[in-house]
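First up is the structure itself, then whatever we jot down about it.
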Amino acid sequence: MENRQVYGPKRIAEHLRKDGKPCGKTRAKRLMEKSCLKPKRRTKFKKTTNSKHSRKVSPNLVNQDFRADMADQLWASDIAYIQTLKGTLCLAVILDVFSRKIVGWSMQQRIKDSLVIDAFNSEWNSRRSDKGLLFHSDRGSQYCSGSFIKVLRTRECLQSMSSTGNCYDNAITETFF
């Protein structure tokens with residue numbers, strides 16, 4: 001528990017030896033199995049953004065300046081994979097930079113254009129933001145899709161996208177996850 005349940009038999013044995021308790025890896029493994037203790041496995045990093053696509057990319061209008069003077073002036077968005085007992089789900093969130101609250105979200109089994117469209121529409125229909133909302137995201141293919149760009153244009157929103165491979169350009173939403 002002291003080590004976030006990530007220590008396996010080798011590290012447990014090393015830790016016990018440092019505390020002056022003689023213990024080998026085999027003994028630590030046997031005692032852990034007897035006590036039904038299993039270390040949590042690290043999850044492998046999975047890339048969620050496909051920025052190598054032929055779709056049109058918007059310029060970075062935010063440039064890491066995550067300030068807004070009022071609500072519904074600047075929204076930032078990102079997508080993450082969520083592990084569940086039934087499998088992996090894709091979660092798209094939209095954060096209002098002014099209030100730092102999630103104002104829209106969508107969860108689906110696959111990462112499609114409709115994921116970000118549903119997240120955007122889930123809040124737009126209740127907020128009815130003024131014209132000129134700035135929508136910032138990474139360069140994922142879903143945000144560059146013609147169907148999502150059409151949604152933004154219909155609602156007279158400006159689009160901004162972070163530069164390639166720079167997590168700080170969308171740090172405000174990255175930290176949510």
Side-chain angles (χ1 to χ4, degrees), residues 4-6 40 42-177:
R4 303 176 322 274
Q5 300 175 338
V6 295
K40 289 182 182 176
R42 291 183 184 154
T43 56
K44 189 176 177 183
F45 175 76
K46 190 169 186 178
K47 188 177 177 183
T48 59
T49 302
N50 174 18
S51 56
K52 293 181 181 174
H53 51 75
S54 59
R55 295 176 172 182
K56 187 175 179 255
V57 176
S58 296
N60 187 350
L61 303 174
V62 175
N63 290 316
Q64 299 181 18
D65 183 14
F66 299 108
R67 288 181 290 167
D69 299 326
M70 59 186 191
D72 303 328
Q73 184 180 27
L74 171 60
W75 286 359
S77 182
D78 200 9
I79 299 171
Y81 288 108
I82 307 293
Q83 298 296 325
T84 69
L85 295 174
K86 300 234 178 192
T88 305
L89 293 174
C90 305
L91 172 66
V93 297
I94 298 176
L95 180 133
D96 184 336
V97 172
F98 178 75
S99 65
R100 302 287 203 266
K101 292 183 180 176
I102 299 300
V103 295
W105 65 276
S106 177
M107 190 177 283
Q108 297 178 9
Q109 289 183 327
R110 296 192 177 217
I111 210 167
K112 297 180 182 178
D113 299 347
S114 61
L115 179 70
V116 294
I117 293 169
D118 291 349
F120 186 85
N121 286 335
S122 71
E123 193 53 31
W124 184 268
N125 294 331
S126 65
R127 291 178 92 93
R128 302 276 182 206
S129 179
D130 291 334
K131 296 175 186 176
L133 168 81
L134 181 57
F135 184 88
H136 184 75
S137 66
D138 58 23
R139 292 176 175 222
S141 62
Q142 300 78 21
Y143 296 109
C144 298
S145 72
S147 52
F148 183 65
I149 291 170
K150 184 178 178 183
V151 168
L152 292 177
R153 283 187 183 149
T154 302
R155 288 158 174 82
E156 299 183 39
C157 298
L158 298 170
Q159 188 175 28
S160 170
M161 292 184 176
S162 58
S163 56
T164 305
N166 189 347
C167 62
Y168 299 109
D169 281 351
N170 200 17
I172 196 161
T173 322
E174 296 278 353
T175 57
F176 170 77
F177 292 114

**Asked** Yes or no on side chain to side chain contact (heavy atoms under 4.5 Å, CB included) for F120 and C157, after CA distance, side-chain angles and deciding distance?
**Response** CA-CA 11 Å; F120 186 85; C157 298; 3.9 Å; yes

**Request:** Might you work through the side chain to side chain donor-acceptor pair (under 3.5 Å) test for D113 and Q142, ending with a clear yes or no?
**Result:** CA-CA 5 Å; D113 299 347; Q142 300 78 21; 5.3 Å; no

**Request:** Decide side chain to side chain contact (heavy atoms under 4.5 Å, CB included) for R155 and N121; before the verdict, give the C-alpha distance in whole Å, the side-chain angles of both, and the deciding distance to 0.1 Å.
**Result:** CA-CA 10 Å; R155 288 158 174 82; N121 286 335; 3.2 Å; yes

**Message:** Please evaluate residues F135 and S160 with respect to the criterion side chain to side chain contact (heavy atoms under 4.5 Å, CB included), reporting the C-alpha separation (whole Å), side-chain torsions for both, the decisive distance (0.1 Å), and the verdict.
**Reply:** CA-CA 6 Å; F135 184 88; S160 170; over 6 Å; no

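With sequence neighbours excluded, the residues that form a side-chain hydrogen bond (donor to acceptor under 3.5 Å, both in side chains) with S114 are Q108. Under the salt bridge (Lys or Arg N to Asp or Glu O under 4.0 Å) criterion, D69 pairs with no residue, sequence neighbours left out. Residues that satisfy the side-chain contact (heavy atoms from CB on, under 4.5 Å) test with T84, not counting sequence neighbours, are I82, K86, L89. Listed by chain and residue number, nothing satisfies the side-chain hydrogen bond (donor to acceptor under 3.5 Å, both in side chains) test with T175 (two or more places apart in sequence, or in another chain). By the side-chain contact (heavy atoms from CB on, under 4.5 Å) test, A76 pairs with V97, N170, I172, T173, sequence neighbours left out. Looking at residues two or more places apart in sequence or on another chain, you find a salt bridge (Lys or Arg N to Asp or Glu O under 4.0 Å) between R67 and D65.
Note that CZ of F177 and CG of D78 are 5.5 Å apart. Values are rounded to the nearest 0.5 Å. Separating the CD1 atom in I94 from the CH2 atom in W75 is a distance of 6.0 Å, to the nearest 0.5 Å. Atom CG of L61 sits about 7.0 Å away from atom CG of L158, to the nearest 0.5 Å. To the nearest 0.5 Å, atom NE2 of residue H136 and atom OG of residue S58 are 10.5 Å apart.
Below 30°, between 30° and 60°, or above 60°: for Y143 and F148 the angle between ring planes is above 60°, a perpendicular geometry.
Of all non-hydrogen atoms in R139 and C144, the two that sit nearest each other are O-SG, 3.8 Å. Closest non-hydrogen pair, F66 versus A171, comes out as CZ-N, 3.9 Å. Annotation for G104 and S122: closest pair CA-OG, 3.4 Å, computed over non-hydrogen atoms. Smallest separation of non-hydrogen atoms from A119 and S106: N-CB, 3.5 Å.
Just one of L115, L91, V93 meets the side-chain contact (heavy atoms from CB on, under 4.5 Å) condition when paired with I79; it is L115.
Residues S163 and N60 bring no donor and acceptor atom of their side chains to less than 3.5 Å of each other.
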